[in-house]
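These notes concern the structure reproduced below.
No hydrogens, no waters, no symmetry mates; every other heavy atom, side chains included, goes into these values. These numbers come from a predicted model, not from an experiment.
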Amino acid sequence: MPFILWFNFLAGFFYVATGAGLWLRKRWAVGLATALALTTLVAFAVFGMHILNHGEYEMRTVFAMTLRSAVWSVIAGLAWLLWPSRVQIAKG
């Protein structure tokens, strides 16, 4: 499915940028990680609709999208929970 191929190709650039931003503790990276998690889940849902409509697919794509969805959901959740400004707000 060309949509998934293009999505994964373009998302790869954002994966690298987000990882670098989180490593450097940039606030924008938290939002970008969340956006990546959400857009990956939406793309996976579109892919699922394609499969349900008897479209062609490979199981390795299903596994890869499952892994990407899980990883970016965990990264986004941890970024929100562990961001330093949240700790300061909670103390203050």
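- Under the 4.5 Å side-chain contact rule for hydrophobic residues, Leu32 and Trp83 share a cluster.
- Atom CZ of Phe3 is separated from atom CG of Asn8 by 9.0 Å, given to the nearest 0.5 angstrom.
- One hydrophobic cluster, built from ILVMFWY side chains closer than 4.5 Å, cannot hold both Leu10 and Met1; they sit in different ones.
- Cluster membership check: Ile51 shares its hydrophobic cluster with Ile4, using side-chain heavy-atom separations under 4.5 Å among Ile, Leu, Val, Met, Phe, Trp and Tyr.
- Residue-environment remark: CE (Met49) stays at or below the threshold of 12 foreign heavy atoms within 6.0 Å.
- Note that CZ of Arg27 and CG of Leu22 are 11.5 Å apart. Values are rounded to the nearest 0.5 Å.
- Note: Leu82 CG to Arg25 CZ = 9.0 Å, rounded to the nearest 0.5 Å.
- Considering all non-hydrogen atoms of both residues, Phe44 and Val62 come closest at CZ-O, 3.8 Å.
- One hydrophobic cluster holds both Phe63 and Val46 under the rule that ILVMFWY side chains link at heavy-atom gaps under 4.5 Å.
- In this structure, Val16 is not a member of the same hydrophobic cluster as Trp28, with clusters built from ILVMFWY side-chain heavy atoms closer than 4.5 Å.
- Tyr15 is listed as a side-chain neighbour of Arg68, based on a closest heavy-atom distance under 4.5 Å.
- A side-chain donor-acceptor contact under 3.5 Å links Thr39 to the backbone of Leu36.
- Taking 4.5 Å as the limit, every side-chain heavy atom of Trp72 sits out of range of all side-chain heavy atoms of Leu41.
- What you find for Ser73 and Ser69 is that their closest heavy atoms are OG-O, 2.7 Å.
- Using cut-offs of 30° and 60° on the angle between ring planes, the pair Phe47 and Tyr57 is perpendicular.
- Closest of all the heavy-atom pairs between Ala29 and Gly21 is CB-C, 3.5 Å.
- Across all non-hydrogen atoms, the minimal contact from Ala33 to Ile75 is CB-CG2, 4.3 Å.
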